[in-house]
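The next block holds one structure in the form of structure tokens; read it before the comments.
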Amino acid sequence: GKMPIRGIKSRSARHKLFENNGMATRMPLIVCGSWVIFAFFGIFCLLPSNKNTQKFSMSEATLPVGSEDHLYTFDDALSANILSAEQRERAKAAVLGAFVADAATMPLHWIYDTRQIKSLVKDGNPEFFNPPSCPFYRYPLGAQSPYGDEALPLLKSLVDHGGLDPQAFSQDLFAAFKAYPGRLNHASKEFLRNMQSGRGWPDCGARDDQAHCLVKAPVVAALYAGRAELRLKMEQAVRVHQNTQVAVDFGVAAALILEKVILTGSIYEALKFAGDSQDFPLSVTRPLTEALKPLASIPKGVEKFGLNCHLPGSFQGSVYGFAFGHNYTEAVRQNILAGGDNCSRASFIAACMAAQNGVDSIPISWRNQVQRYAEIEALVDKLVTSI
């Protein structure tokens, strides 16, 4: 059967993406062999059509700012560099949601046999599973995964320096990784070697195109949502750690999608933007289109795109998770059960779900289990009050 986008908050927008609602009769009659043209139109062929809904564009969308009765467009927000109180709360929710989901997922990280996960969890819930059972590292319950531990220096750097200074962030990340007692991944080891050999910014990043770029999106988007420099700052944040165009493209795409959720409060609007805006990385359009084809469940969607850390699969599995997730809690749980590199996906999925549904959508019982939650929340409060 068809599967509705459950990540859509507005009931009027909660169409079934792929219902036969006359869409075929409105598709272009001329079929172009160019994949570029296919990619440009692909997302809108997959998104629900609605005669009463105009095509989304940056200049037409309106957002309330503060308590004023005036409606500001995205262009107004970009020029004024301001967010409303509600948008700041969504930015805060995105970052907190990402860190909480990362810690909740950590105990069952990198288990590629989903049958093993089911045998461990049995009839219980998978979040904060005790004892932590990742086959590649054993961190105490409530700790961040290695992904969360590499996102935290970015959060601290943005707060300490009042924004992203790539030179300063490279030094902050270097110091954090040198002192890190846990598991360092390939990209982080190569970054360390580059820094130790004198290859600082802008040449310090690893030749790596895995999912590390995705976990940077919540922090960068929270600070730069509605600002013209978001794309540049996200690229710099990624290149400090991963100096490849693939990582940059998917990292920027993740940040742009999350930015629109923060600004509009709607995953649906963010996905429409991704198909409408010329600012969205063209190389990501086709993978995004493929990720919006419904399957039986989130684990099945993740399985289709691959359980591992590599792009585009990790990005596609994440998009599938927040596009078809019922709510924050259920999306995170289903992503854990999907297995593999579920922590990198958890960050992006949870950030989008929490940005749409607010901090209250993050269970208090989960927040209370995160070891460094008070520290993270204090940093996030400083981050969003600086906007």
Side-chain angles (χ1 to χ4, degrees), residues 95-96 98-111 128 131-161 164-220 236-244 247 251 308-309 314 341-348 369-380 383:
V95 184
L96 292 179
F99 277 106
V100 171
D102 175 77
T105 306
M106 180 276 295
L108 296 175
H109 189 198
W110 278 327
I111 299 176
F128 296 100
S133 302
C134 173
F136 296 96
Y137 61 85
R138 292 295 170 90
Y139 291 179
L141 193 66
Q144 303 299 145
S145 79
Y147 287 113
D149 282 339
E150 71 186 45
L152 190 54
L154 175 60
L155 174 59
K156 290 180 177 178
S157 186
L158 265 63
V159 171
D160 289 345
H161 302 288
L164 183 71
D165 177 339
Q167 176 65 41
F169 175 47
S170 68
Q171 294 296 329
D172 293 339
L173 195 62
F174 182 46
F177 283 169
K178 283 196 300 182
Y180 188 55
R183 182 187 186 277
L184 285 177
N185 49 60
H186 165 74
S188 301
K189 289 178 180 178
E190 185 176 337
F191 165 81
L192 270 177
R193 289 195 298 269
N194 290 342
M195 292 290 288
Q196 289 167 340
S197 66
R199 289 176 55 189
W201 171 259
D203 301 314
C204 53
R207 303 300 297 175
D208 179 273
D209 56 7
Q210 299 183 80
H212 309 283
C213 57
L214 302 182
V215 304
K216 295 175 176 64
V219 176
V220 175
Q236 291 174 337
V238 172
R239 287 199 185 276
V240 165
H241 195 190
Q242 298 170 277
N243 196 11
T244 66
N308 61 37
C309 320
S314 54
D341 190 29
N342 43 19
C343 280
S344 67
R345 299 191 307 265
S347 178
F348 189 22
Q369 293 185 72
V370 179
Q371 285 187 351
R372 304 177 71 176
Y373 183 81
E375 174 191 358
I376 292 169
E377 185 176 34
L379 287 167
V380 175
L383 185 77

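Since this is a predicted model, take the numbers as computed values, not measurements.
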Compare every heavy atom of [Y] with every heavy atom of [X], then report the nearest pair and how far apart it is.
X: P218; Y: S347; answer: CG-OG, 3.8 Å
X: D172; Y: S157; answer: OD2-OG, 2.8 Å
X: A346; Y: T105; answer: CB-OG1, 3.6 Å
X: V219; Y: L383; answer: O-CD2, 3.9 Å
X: A103; Y: V370; answer: CB-CG2, 3.9 Å

Self-check item: Stepwise side chain to side chain contact (heavy atoms under 4.5 Å, CB included) test for D341 and Q210
Solution: CA-CA 11 Å; D341 190 29; Q210 299 183 80; over 6 Å; no
Quiz prompt | Any side-chain heavy-atom pair of C343 and W110 under 4.5 Å | solution = no
N/O donor-acceptor pairs under 3.5 Å from side chains in residues 132-142, not counting sequence neighbours:
from, atom 1, to, atom 2, distance (Å)
S133, OG, P131, O, 2.7
Y137, OH, H109, ND1, 2.7
R138, NE, C134, O, 2.9
Y139, OH, Y180, OH, 2.7
Y139, OH, R183, N, 2.8

How many angstroms lie between [atom1] in [X] and [atom2] in [Y], if you round to the nearest 0.5 Å?
X: N342; Y: S314; atom1: CG; atom2: OG; answer: 12.0 Å
X: N185; Y: D208; atom1: CG; atom2: CG; answer: 7.5 Å
X: R207; Y: E190; atom1: CZ; atom2: CD; answer: 8.5 Å
X: K178; Y: L173; atom1: NZ; atom2: CG; answer: 11.5 Å
X: L164; Y: F169; atom1: CG; atom2: CZ; answer: 7.0 Å
X: Q236; Y: S170; atom1: CD; atom2: OG; answer: 11.0 Å

Self-check item: Criterion side chain to side chain contact (heavy atoms under 4.5 Å, CB included) on F348 and V215, from CA distance to verdict
Solution: CA-CA 6 Å; F348 189 22; V215 304; over 6 Å; no
Exercise. Could you list the residues that satisfy ring-ring contact (aromatic ring centres under 6.0 Å, His included) with F177, not counting sequence neighbours?
Key: F191, H241
Quiz item: Do you see a donor-acceptor pair shorter than 3.5 Å between the side chains of S145 and D102?
Solution: yes
Quiz item: Got a donor-acceptor contact below 3.5 angstrom from the Q144 side chain to the F99 backbone?
Solution: yes
Quiz item: Can L152 and L379 be said to form a side chain to side chain contact (heavy atoms under 4.5 Å, CB included), step by step?
Solution: CA-CA 9 Å; L152 190 54; L379 287 167; 4.1 Å; yes
Quiz item: What do the steps show when you test V220 against L154 for side chain to side chain contact (heavy atoms under 4.5 Å, CB included), and what is the final call?
Solution: CA-CA 8 Å; V220 175; L154 175 60; 4.0 Å; yes
Quiz item: Ion pair present between K156 and E375, side-chain N to carboxylate O less than 4.0 angstrom?
Solution: yes
